[in-house]
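Here, residue 1 is the first one in the sequence, and each next residue gets the next number. Values reported hereafter were calculated over all heavy atoms of this structure, with side chains retained and with hydrogens, waters and symmetry mates removed.
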Amino acid sequence: MATDTLKSTTGASGASAVRRLLLDNGALTALIALVIAMSALSGDFLTTDNLLNIGVQAAVTAILAFGVTFVIVSAGIDLSVGSVAALSATVLAWMATSQGVPVWIAVILAIATGIACGLVNGVLISYGKLPPFIATLAMLSVGRGLSLVISQGSPIAFPESVSHLGDTLGGWLPVPVLVMVVMGLITALILGRTYIGRSMYAIGGNEEAARLSGLRVKKQKLAIYALSGLFAAAAGIVLASRLSSAQPQAAQGYELDAIAAVVIGGASLAGGTGKASGTLIGALILAVLRNGLNLLSVSAFWQQVVIGVVIALAVLLDTLRRKAGATPVAAGAGAPGGRGKQAATYIIAAVVAAAVVGAMSFLHNGSSSSATKKVGLSLSTLNNPFFVQIKSGAQQEAKKLGVDLTVTDAQNDASQQANQLQNFTSSGLGSIIVNPVDSDAAGPAVRSANKAGIPVVGVDRGVNKADTAALVASDNIAGGKLGAKAMAEKLGGKGKIVILQGLAGTSASRERGAGFAEGLKAYPGIEVVARQPADFDRTKGLDVMTNLLQAHPDIQGVFAENDEMALGAVKALGSKAGTSVSVIGFDGEPDGLKAVKDGTMYASVAQQPKELGRIAVENALNAAEGKTVEKTVMVPVKVVTKENVAGFGG
């Protein structure tokens, strides 16, 4: 009986120890499982180039997350880090180029900008008594707005000397990875070895107790949010260096990724726990997920679902861990030998992962397939029917030619597109098709494909400072001029109009707007009474047009830089659309053409998106097979009105 009892107790103790080990190292366990799964599912995952890609893609999120770790450990939140990153990079680029400030001073000013934003957050929270959520949400809007004001909505070329931060050392080791490691070590040092670090844990554990024990909580919070701003500035500089330009719309939504990385890494939103190594693991998990799902051709929409599920599971694990009494201790605290045990855990995990991954690599060895007919297509967005039609045309042509086509959605994020292009390059595809979010920002990633000998075809928009085998596009400037001519002829050469502009910083918005402005010069009787951005979005087009009508109820025309905004304007105009107010859109998408047919829209400057996609795939395959392709393939645009809409095939 005694023997049986002893065995039972020992077994229970062993099971409890394993359970506690998994709970205490849940993020590390998840990372190992992900690496093993992706290695098994994709033969392209476990390559040196791809693993370095993962490091580069994790770098910006990790640096942001290190700063957010300080805030979350102290039971706060910072929603502004993405906007602060964009603002800091914009300040650097603007000061170094437009203002002629020496680069080293511009870098200092950029970092000072990040610290200043953090201090403002700290003042609002500590002395203004605003909840951290509200204070940092306000800074999110202010930072993004200032970035757009400084840049006038257009990307600013980054100084060459700073752009080297996005390069590699020795031709293989990415500098962003080195910066990430250095910032991680600094974070670990601050959390584990400094007074301010210990104060963070005390404030997060019990703010009132920390105050009563003599801590100057208000001043500590100023320092905590200033550190978050400093790390955000560093992340912004690294991101802009990768893209060779400061993008005013960069890092949108990155604050959520940063918070997710911290939580996935084991920190509690209730405060008092968290460590640098956990945050790094959390950022790597997000990067591995996105990289692996891209390689497996999983839809970008489903990727968001998967990442949301991972975040929910991470919070659930945190709840279970606290219930089980396995909450991680503060960095620098704990029983003697705790650090040695943690290091041993990491070493064992690395050995296990290496062994299993090596086995997966051996299994994938020898399984080769022709890369020539593998093509990657990176679209700027799939939230717009025009680009959905490009995708449709490309897929139809790929099926016809027997091409294995992988389509990704950059969601109008230049850095996300850079990641996707890097993933395509490391996968060794036969060719790549890119519809750039921004022509300058796509340059570095396309140059990497050039070095790897992979031909790149641009579709709808070109790529600057890189070699493309072909550009398949419509002439946006010519289309803008056609739109101006159609508007002037409809209004009899005079009248008041408003312009709905597209997403700030995109080449399509700049070119269409420039073409329309150029075309209007021939018609001095046409007066533009207002220009407002509606971001190529139908809902925003509705809201902006509704507001403009309050100030300008007597307008006779609306030019929108795409059909989606034009359709929003039609909704806002109501019965005026097509009667007293003429609306002209751009793209020739199905809903736009239907509105033209119904008479609510006067015209659409119609491209042929399906034809763009079809020709792009055809040229990509020819380039992969070494055949000669034309450097520029122009697909005609035309003004479609009610008179000729029936004969337009799209």
Side-chain angles (χ1 to χ4, degrees), residues 49-65 81-82 84-90 92-93 96 103 107 110 147 151 155-169 171-183 231-254 257-258 283-284 286-287 290-291 294 378 380 408 410-426 432 434 436-452 456 463-466 505:
D49 285 345
N50 192 56
L51 294 178
L52 289 173
N53 279 346
I54 292 171
V56 172
Q57 292 164 23
V60 173
T61 299
I63 296 169
L64 283 175
V81 289
V84 171
L87 175 60
S88 299
T90 301
L92 194 163
V103 171
V107 171
S147 180
S151 66
I156 304 175
F158 223 52
E160 191 65 31
S161 55
V162 187
S163 287
H164 290 309
L165 281 174
D167 293 340
T168 57
L169 289 179
W172 69 276
L173 183 59
V175 176
V177 174
L178 290 179
V179 176
M180 175 180 69
V181 171
V182 170
M183 299 304 278
F231 275 66
I237 293 170
V238 171
L239 176 60
S241 299
R242 284 191 62 207
L243 303 176
S244 294
S245 63
Q247 305 274 327
Q249 297 283 10
Q252 288 199 75
Y254 280 38
D257 277 0
L284 288 173
L286 292 176
R290 288 200 171 101
N291 175 271
N294 278 344
S378 175
S380 57
T408 60
Q411 299 176 334
N412 279 324
D413 183 341
S415 58
Q416 187 169 332
Q417 185 166 64
N419 293 342
Q420 293 168 356
L421 294 174
Q422 285 184 326
N423 293 341
F424 285 158
T425 300
S426 63
I432 296 171
V434 59
V437 173
D438 179 80
S439 299
D440 289 321
V446 173
R447 288 198 295 273
S448 296
N450 295 157
K451 289 179 183 176
V456 179
V463 180
N464 296 337
K465 298 179 182 178

Heavy-atom side-chain proximity of [X] to [Y] below 4.5 angstrom:
{"X": "Arg447", "Y": "Pro444", "answer": "yes"}
{"X": "Val434", "Y": "Phe424", "answer": "no"}
{"X": "Gln57", "Y": "Asn423", "answer": "yes"}
{"X": "Val81", "Y": "Val84", "answer": "no"}

Apply the test side-chain contact (heavy atoms from CB on, under 4.5 Å) to residues Val437 and Asp413: give CA-CA distance (whole Å), side-chain angles for both, the deciding distance (0.1 Å), then the verdict. CA-CA 7 Å; Val437 173; Asp413 183 341; 5.9 Å; no
Side-chain donor-acceptor pairs of residues 231-243 under 3.5 Å, sequence neighbours excluded:
unit_1, atom_1, unit_2, atom_2, d
Ser241, OG, Val162, O, 3.1
Ser241, OG, Ile237, O, 2.7
Arg242, NH1, Asn419, OD1, 3.0
Arg242, NH2, Asn419, OD1, 3.0
Arg242, NH2, Gln422, OE1, 3.0

For [X], check side-chain hydrogen bond (donor to acceptor under 3.5 Å, both in side chains) against everything at least two apart and list the hits.
{"X": "Ser244", "result": "none"}
{"X": "Ser245", "result": "Gln247"}
{"X": "Gln416", "result": "none"}
{"X": "Asn412", "result": "none"}

Separation of [Y] [atom2] from [X] [atom1] (nearest 0.5 Å):
{"X": "Thr61", "Y": "Met180", "atom1": "OG1", "atom2": "CE", "answer": "10.0 Å"}
{"X": "Asn50", "Y": "Asn291", "atom1": "CG", "atom2": "CG", "answer": "4.0 Å"}
{"X": "Ile156", "Y": "Ser151", "atom1": "CD1", "atom2": "OG", "answer": "5.5 Å"}

Mind checking side-chain contact (heavy atoms from CB on, under 4.5 Å) for Asn464 and listing every partner two or more places apart, or none if nothing turns up?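 Residues passing side-chain contact (heavy atoms from CB on, under 4.5 Å) with Asn464: Ser439, Asp440.
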Regarding Asp49 and Ser426, is there a side-chain donor-to-acceptor distance under 3.5 Å anywhere?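 Per modelled atom types, Asp49 and Ser426 side chains form no pair under 3.5 Å.
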Could you tell me if Thr90 and Ser147 have a donor-acceptor pair between their side chains, going purely by distance under 3.5 Å?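 Per modelled atom types, Ser147 and Thr90 side chains form a pair under 3.5 Å.
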Minimum-distance pair of heavy atoms, taken over all atoms of [X] and [Y]:
{"X": "Phe158", "Y": "Ala89", "answer": "CE1-O, 3.6 Å"}
{"X": "Thr408", "Y": "Gln420", "answer": "OG1-OE1, 2.9 Å"}
{"X": "Ser448", "Y": "Thr425", "answer": "O-CG2, 4.0 Å"}
{"X": "Pro436", "Y": "Ala442", "answer": "CB-CB, 4.1 Å"}
{"X": "Leu52", "Y": "Val177", "answer": "O-CG2, 4.5 Å"}

